[in-house]
Amino acid sequence: MSDLPSTMHAWQVVRHGDPAYALERREVSVPRPGPGQLVARVAACALNYPDTMLAAGTYQQRPELPFTPGIELSGHVAAVGDGVTDHAVGDRVLGLPALPHGALADYAVMSADTAFAAPESLDDAKASALYVAYQTGWFGLHRRARLQAGETLVVHAATGGVGSAAVQLGLAAGARVVAVVGGPDKAEVAWWLGADEVVDRHAAGDLAGLVGALKAACGPHGADVVYDPVGGDAFAASTKVVAFEGRIVVVGFTSGTAAQAATNHALIKNYSVLGLHWGLYQQHDPAAVQHAQREIHELVAAGLVDPWVSERIGPDDVPDALSRLAAGRTTGRVVVVGA
């Protein structure tokens, strides 16, 4: 194990609530790696919606207070624990920190199994955004929905972090991608990402308008696969446009309203509603996670995947950025550089 400093700066959740209320910037002890772990010097931390839920105390993981959030990073290995043979001090890595020692700090703990060599073609900010959203998209589209080339894929919240990754993965798979966004500025971004069709839910107005716009965009066949991190009206509209033997992948509920699946409707239209809890694959099938990341890195090398980093911010801007992320006022990935 190499020498580590004794203290560092970290954003910590000291009470649950809105990020501006929950977070404090503190000087804390630098964590040490346990067996099978490493400590990374954080170069960049990509912010994720679960970080806002961790601050609020509503995420499925609820670490004991205080703790350091930040579930995705890139950086360099600073120390390795017993039994770590695939990584060495100085290696440039990306991946998943091990809470309570998250990535919104100078140093973070990682399991060696969820640390991957960072592609040389990506800078630190982009590398930090290559794990959670793309893993979620890969499992949702390929493992759960079995997306095929030529199929029509609807992606809700298509210019968010999770959505923009799904758009890129869908296009890489040869699907026809219909991007659903909120507002003309986000529509421009969706076209820039390469979507074949763009639906502005704000312009559509109510649920009926959204259904009509989706039907026009998808065509008479409908949507073979729907990727839904939103819930609420997004899910309701999806059930109206899903094709025969179509698949709706439920990724989350950023609308605040959990999707309500009417099983009689699924039976009559002969479609499937598929839940995706990506984190469970790390427990039940870690080899699949390793395989997915290799596939994602191959897509990077082929120029088919390139994380869209819309903002690079400093550590002082973290609470405001997380509040905007929670309110849906960000696009692409917001990355903290020098966390």
Side-chain angles (χ1 to χ4, degrees), residues 34-38 46-64 67-73 86 93-103 108-116 128-147 153 155-157 160-163 165-166 169-170 173 225-231 234-235 238 247-261 263 266 271-297 299:
Q37 293 182 327
L38 59 88
L47 299 181
N48 286 269
Y49 192 77
D51 291 318
T52 71
M53 299 176 73
L54 282 163
T58 57
Y59 196 53
Q60 51 258 48
Q61 285 181 268
R62 196 178 168 109
E64 182 178 346
F67 68 90
T68 302
I71 66 167
E72 193 170 23
L73 67 78
D86 293 336
V93 296
L94 62 85
L96 193 73
L99 297 178
H101 303 294
V109 173
M110 305 176 74
S111 168
D113 293 336
T114 57
F116 301 85
S128 74
L130 192 65
Y131 192 58
V132 174
Y134 286 95
Q135 281 272 339
T136 303
W138 193 95
F139 275 93
L141 298 180
H142 295 296
R143 181 71 173 249
R144 299 296 282 143
R146 308 291 181 183
L147 179 68
L153 165 67
V155 179
H156 290 284
V162 169
L169 290 169
V225 176
V226 178
Y227 190 78
D228 180 17
V230 178
F235 179 84
S238 299
R247 293 85 75 197
I248 301 175
V249 185
V250 178
V251 184
F253 314 107
T254 59
S255 67
T257 303
Q260 300 297 316
T263 54
Y271 65 85
S272 301
V273 178
L274 307 170
L276 174 63
H277 181 179
W278 166 71
L280 290 180
Y281 285 98
Q282 296 178 90
Q283 301 176 31
H284 296 285
D285 195 354
V289 175
Q290 298 278 332
H291 170 74
Q293 198 64 27
R294 289 193 296 271
E295 294 276 314
I296 292 164
H297 284 213
L299 293 174

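Here the structure is a predicted model, which means the values were calculated and not measured.
- Annotation for Leu54 and Pro69: closest pair CD1-CB, 4.5 Å, computed over non-hydrogen atoms.
- The shortest side-chain heavy-atom distance between Tyr49 and Val162 does not fall under the 4.5 Å cut-off.
- Proximity of Val249 to Leu141: side-chain heavy atoms (C-beta onward) are nowhere separated by under 4.5 Å.
- Remark: the backbone N or O of Val250 is not paired with any side-chain donor or acceptor of Asp228 at under 3.5 angstrom.
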For residues 289-296, which side-chain N or O atoms pair as donor and acceptor with protein atoms under 3.5 Å away, sequence neighbours left out?
unit_1 : atom_1 : unit_2 : atom_2 : d
Gln290 : NE2    : Asp113 : O      : 2.7
Gln293 : OE1    : Gln135 : NE2    : 2.8
Gln293 : NE2    : Leu130 : O      : 3.3
Gln293 : NE2    : His297 : NE2    : 3.1

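- Heavy atoms only, all atoms of each residue included: Ala133 and Gly161 are closest at CB-O, 3.6 Å.
- The CG atom of Leu276 lies 7.0 Å from the CZ atom of Arg144; values are rounded to the nearest 0.5 Å.
- Side-chain contact between Asp285 and Arg143: present, with at least one pair of heavy atoms (C-beta onward) separated by less than 4.5 Å.
- Partners of Ala266 according to the side chain to side chain contact (heavy atoms under 4.5 Å, CB included) rule, which considers only residues two or more places apart in sequence or in another chain, are Tyr271.
- Every side chain to side chain donor-acceptor pair (under 3.5 Å) that Asn48 has, sequence neighbours left out, goes to Glu72, Arg333.
- Shortest non-hydrogen contact noted between Asp51 and Ala46 is OD2-O, 4.2 Å.
- The distance from the CD1 atom of Ile71 to the CG atom of Leu99 is 8.0 Å, given to the nearest 0.5 Å.
- In this structure, Glu64 places its CD atom where only 12 or fewer heavy-atom neighbours from other residues, nucleotides or ligands lie under 6.0 Å away.
- The heavy-atom pair separating Leu38 from Ala115 by the smallest distance is CD2-CB, 4.0 Å.
- No donor-acceptor pair under 3.5 Å is formed between the side chain of Arg247 and the backbone N or O of Ser272.
- Of the inter-residue distances, the one linking Met53 atom CE with Arg62 atom CZ reads 11.5 Å to the nearest 0.5 angstrom.
- Between Thr68 and His101 the shortest side-chain heavy-atom distance does not fall below 4.5 Å.
- In terms of modelled atom types and a separation under 3.5 Å, the side chain of Thr254 and the main chain of Pro229 share a donor-acceptor contact.
- Closest of all the heavy-atom pairs between Leu147 and Gly170 is CD2-CA, 4.1 Å.
- Nearest heavy-atom pair across Ala259 and Phe235 is CB-CG, 3.4 Å.
- Here the OH atom belonging to Tyr134 is positioned 6.5 Å from the CG atom belonging to Leu169, to the nearest 0.5 angstrom.
- Counting only residues at least two apart or on different chains, no salt bridge (charged side-chain N to carboxylate O under 4.0 Å, His left out) pair has a member in residues 275-284.
- With sequence neighbours left out, the side chain to side chain contact (heavy atoms under 4.5 Å, CB included) criterion links Thr257 to Ser255.
- Ring orientation note: the planes of Trp278 and Tyr131 are nearly perpendicular, at an angle over 60° on the 30°/60° scale.
- Within the structure, no pair that satisfies the salt bridge (charged side-chain N to carboxylate O under 4.0 Å, His left out) test touches residues 128-139, not counting sequence neighbours.
- Side-chain contact between Ser238 and His156 is present, with at least one heavy-atom pair separated by less than 4.5 Å.
- With rounding to the nearest 0.5 Å, the separation of CG in Leu274 from CD1 in Ile248 is 9.0 Å.
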